[in-house]
**Student:** 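Before I ask anything, here is the structure I am working with.
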Amino acid sequence: MLFDSHAHLDDERYDGDRDALIQKIHAEGVSNIMNIGSSLKSSRASLALADKYDFIYASVGVHPSEVGELDDAGMAELEKMAKHPKARAIGEIGLDYHYFEDTDEKMQHKWLRKQLSLAKELDMPVIIHDRESRGECIEELKDMNISNGVMHCFSGSAETAKVLLKMGFHISFTGVLTFKNARRALEALSVIPLERLLIETDSPYMSPEPHRGERNHSGYVKYVAQKVAEVKGIDYDEVVAVTDANAKRLFGIK
Ligand SMILES: [Zn+2]
């Protein structure tokens, strides 16, 4: 069964039809969803969704673009939320040098390190967001000896994928794989063993072809699985089964 390893179903774009949509997605074959925290507020919302639906799990964490909200009290709340039985990862955390609204590089590094320490302390996997950080994100992970986690929405080269694999990381792809300009992502995919691969939607963003530009949702993770099957020359069912097993192993789901 399909496991969407990265969705933001708490996003306001689902406010009009969230519950109906979640039930429809589940009925149509998405057996599990990891809903991602990207701020304190969305981490709370993520846990609320996980409380409501047995097939939804939550990650808690503050995205690099949102770390301006963090302080000691915020870290204490994150730690408390991370101990919730359905919180299965710390994320999404990382570095993002594309947008600097309320943050700068120094702040992003500081709060990334604190959240990585929390993950280590609680022995939880991390979900990493890395955008235009010039390799600094991977350096932080290496410095802190982090090997248990996933690089989400991977957009790097095959060489970078090899570095992450060597560190022990899983690598996750979104619907970007289905875009016409996906050459680099497809090259990276070709060097990643199926056992270390996750699939995700990053919904409501990154809607795959043939729905590019529309609101994304977890049901569209099937298009990512189809593309992986096509590129690797294996059965769709095998991609679905192995990526499901990988996500369950990484997130400690029986
Ligand atoms: Zn995300």
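For ligands, and for the atoms within them, numbers begin at 1 and follow the listed sequence.
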**Student:** Please determine if Arg212 forms a cation-pi arrangement with Phe179, meaning its NZ or CZ atom is less than 6.0 Å from the six-membered ring centre and no more than 45° off the ring axis.
**Tutor:**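 Yes; both conditions hold, so Arg212 lies above the ring face of Phe179.
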**Student:** Under a 3.5 Å threshold, yes or no: a donor from one side chain and an acceptor from the other, between Asp10 and Asn35?
**Tutor:**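 Asp10 vs Asn35: donor-acceptor pair found between side chains.
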**Student:** Give the atom name of whichever N/O/S atom in Asp202 sits closest to the Zn ion (ligand 1).
**Tutor:**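 The atom in question is OD1.
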**Student:** With rounding to 10 degrees, what does the angle His6:NE2 / the Zn ion (ligand 1) / Glu92:OE2 come to?
**Tutor:**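 Between NE2 of His6 and OE2 of Glu92, at the Zn ion (ligand 1), the angle is about 90°.
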**Student:** Using side chain to side chain contact (heavy atoms under 4.5 Å, CB included), reason through Leu21 and Tyr14 one step at a time and then give a plain yes or no.
**Tutor:** CA-CA 8 Å; Leu21 181 67; Tyr14 301 109; 3.5 Å; yes
**Student:** Taking ring-ring contact (aromatic ring centres under 6.0 Å, His included) as the criterion, tell me which of His8, His63, His6 meets it with His129.
**Tutor:**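 Among His8, His63, His6, the one that satisfies the ring-ring contact (aromatic ring centres under 6.0 Å, His included) with His129 is His63.
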**Student:** Is the distance from the Zn ion (ligand 1) to the nearest N/O/S atom of His8 under 2.8 Å?
**Tutor:**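 Yes, His8 qualifies, because one of its backbone or side-chain N, O or S atoms lies under 2.8 Å.
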